[in-house]
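Keep in mind the model is a prediction, meaning the values are calculated, not measured. Just so you know, residue 1 is the first one in the sequence shown, and it goes up from there.
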Amino acid sequence: MRIGILQCGQSPAQLKDSLGDYPDMFVRLLGGRGFEFDIWHVEEMHFPDDPHAADGWLLTGSRHGAYEDHAFIPPLEDFIRRTYADGVPMVGICFGHQIIAQALGGTVIKHPGGWAVGTQDYDFGGQPVTLNAWHQDQVVTLPEGAQVAGRNAFCENAALIYGDRAYTVQAHPEFKDEFVQGLMDTRAKGVVPPELLAQASARMGQADGSGLLADQIEAFFKQPRALTRPDTQGAA
C-alpha cells in the first residue's frame, strides 16, 4: 500500500541531521507494516496532482497555524476536500489533525489554556493512551461527520474519526523523547512557560503509546473501503 506523506513543516535545522525530518519519523513509526512512501513537501508548494496518486495520505505536523496566512494552506485545504470526497483515506497528526478539520468546516484556534508539551495522557474510547504532544492550537468546533475518538481534560478533541475517510490525532506518536527534548532546547525558550517544560522533563520516558497508535493508523489505512472517482461515478 502506497502512502503519500504531505509534509506540512520541517524539523528544526539543529535536529534534522541527527533525528530526521518529519517524514523520516513517520517512515520509522510505520516501518515493517507493508507500506511504501512517497513525499510531497506541500509547505514548499509541492502538491500531488490527484488524490489517487497514493492509496492513502498522511499529513504531518508544522510550526504554522492552520488559520494563518501561508501560501500552501488554501491549496492544501482544496486537496483535503477533494481527497475526502473521493474517499481516499487520510491520517492527520497535530497540524494535519487541525488542517483536515478546518478544511472540512471545523474551527481551529490558538487555545487560551496554553500549551501541551511532552507526555500527555488520553482516553481513546475508554483505553488509556500516553503520547508525546507539542501544541497550543486546538480544534474547537468539529466538522460535519467527525466524531471524537480521543480526549483529555486539556484537549477535548484530541483525536477525530470521520467514518472510513479520515483519522486524525492532535498528539505526536512519531515524536521520540529525544526529539521532544530537542524541541525544548531549540523552540521552547521564551515561548513555553518554564513550569510546563519542567513537567515535561519530569515525565520524560513515560510516553509509551506510539506502538498502539501505529497499529491504529495501519488498521485505518488497510480497512476495506470503496473509492469514488469523479470520472467513474462509482466504486473502484
Do Arg33 and Asp215 meet the salt-bridge criterion of a basic N to acidic O distance under 4.0 Å?
yes
Counting N and O atoms only, with roles assigned by atom type, does the side chain of Ser11 sit under 3.5 Å from a partner on the main chain of Gly20, one being a donor and the other an acceptor?
yes
Main-chain N/O of Asp137 paired to Gln98 side chain as donor or acceptor, under 3.5 Å:
yes
Is the Lys NZ or Arg CZ of Lys222 less than 6.0 Å from the centre of Phe35's six-membered ring, within 45° of the axis?
yes
Judged by modelled atom types alone, do Gln138 and Gln170 share a side-chain donor-acceptor pair under 3.5 Å?
no
Please check if the number of heavy atoms outside Glu178 that lie under 6.0 Å from its CD is greater than 12.
yes
Which pairs of donor and acceptor atoms, one on a side chain in residues 196-207, lie under 3.5 Å apart (sequence neighbours left out)?
unit_1, atom_1, unit_2, atom_2, d
Ser201, OG, Leu197, O, 3.1
Arg203, NE, Gln206, OE1, 2.9
Arg203, NH1, Asp121, OD2, 3.0
Arg203, NH2, Asp121, OD1, 3.2
Arg203, NH2, Asp121, OD2, 3.3
Arg203, NH2, Gln206, OE1, 3.0

Heavy atoms of Ala101 and Pro143 approach each other most closely as O-CG, 3.3 Å
Does any part of the side chain of Val91, heavy atoms only, come nearer than 4.5 Å to the side chain of Phe221, both counted from C-beta?
yes
With under 30° as parallel and over 60° as perpendicular, where do the rings of Phe79 and Trp57 fit, or are they tilted in between?
perpendicular
Heavy-atom check, side chain of Asp38 versus side chain of Trp40, under 4.5 Å
yes
So which pairs with a foot in residues 174-198 pass ring-ring contact (aromatic ring centres under 6.0 Å, His included), sequence neighbours left out?
His172-Phe175, Phe175-Phe179
Go through the structure and list residues passing salt bridge (Lys or Arg N to Asp or Glu O under 4.0 Å) with Asp55, not counting sequence neighbours.
none
Hey, does Ile100 have a side-chain heavy atom less than 4.5 Å from the side chain of Tyr162?
yes
For residues Gln7 and Glu44, is any side-chain donor paired with an opposing acceptor at under 3.5 Å?
no
Under a 3.5 Å cutoff, is there a donor and acceptor pairing between the side chains of Asn152 and Asp123?
no
Should Phe220 and Tyr84 be regarded as members of a common hydrophobic cluster, given that ILVMFWY residues are connected when their side-chain heavy atoms come within less than 4.5 Å of each other, either directly or indirectly?
no
Ring pair (Phe, Tyr, Trp, His ring centres under 6.0 Å) between Phe95 and His135: does it pass, once the steps are laid out?
CA-CA 9 Å; Phe95 175 88; His135 70 98; over 10 Å; no
Quick check on the hydrophobic clustering: are Ile161 and Leu104 connected, directly or via other members, by side-chain heavy-atom contacts under 4.5 Å?
no
What residue pairs, at least two apart or across chains, pass salt bridge (charged side-chain N to carboxylate O under 4.0 Å, His left out) with a residue in residues 89-107?
none
Heavy atoms from other residues, nucleotides or ligands near CD of Glu195 exceed 12 (cutoff 6.0 Å)
yes
Under the 3.5 angstrom rule, does the side chain of Glu174 hit a backbone N or O of Phe26 as a donor-acceptor pair?
no
Do Leu58 and Leu6 make a side-chain contact, defined as non-hydrogen atoms from C-beta onward lying under 4.5 Å apart?
no
Closer than 3.5 angstrom, by distance alone: can the side chain of His41 be matched with the main-chain N or O of Gln10 as a donor-acceptor pair?
no
Does the Arg225 side chain pair with the main chain of Pro89, one donor and one acceptor, at a distance under 3.5 Å?
no
Report yes if the side chains of Leu213 and Tyr167 come closer than 4.5 Å at any heavy-atom pair, otherwise no.
yes
Donor + acceptor pair across side chains of His70, Glu43 (<3.5 Å)
no
Heavy-atom side-chain contact between Ile5 and Val27 under 4.5 Å:
yes
Within a radius of less than 6.0 Å around NZ of Lys176, do more than 12 heavy atoms belonging to other residues, nucleotides or ligands occur?
no
Answer yes or no: is there a side-chain heavy-atom contact under 4.5 Å between Pro75 and Met45?
yes
Would a single hydrophobic cluster contain both Val148 and Ile99, if residues Ile, Leu, Val, Met, Phe, Trp and Tyr are joined by side-chain heavy-atom contacts under 4.5 Å?
yes
Does Ile93 reach the side chain of Leu59, with side-chain heavy atoms less than 4.5 Å apart?
no
Near Arg81 CZ, under 6.0 Å, is it more than 12 heavy atoms from other residues, nucleotides or ligands?
yes
Using modelled atom types only, decide if a donor and an acceptor are shared between the side chain of Thr168 and the backbone of Ala159 within a distance under 3.5 Å.
no
Are Leu15 and Val191 grouped together when hydrophobic residues (ILVMFWY) are joined by side-chain heavy atoms under 4.5 angstrom apart?
yes
N-O pairing of Asp86 and Arg82 below 4.0 Å:
no
Contacts under 3.5 angstrom, residues 107-117 side chains, donor-acceptor by atom type, not counting sequence neighbours:
unit_1, atom_1, unit_2, atom_2, d
Lys110, NZ, Tyr67, OH, 3.4
Trp115, NE1, Gln136, OE1, 3.4

Side-chain donor/acceptor of Arg2 to backbone N/O of Ala54, under 3.5 Å
no
Between Gln181 and Asp177, do the side chains contain a donor N or O and an acceptor N or O under 3.5 Å apart?
no
Inter- and intrachain pairs under salt bridge (charged side-chain N to carboxylate O under 4.0 Å, His left out), touching residues 94-104, at least two apart:
none
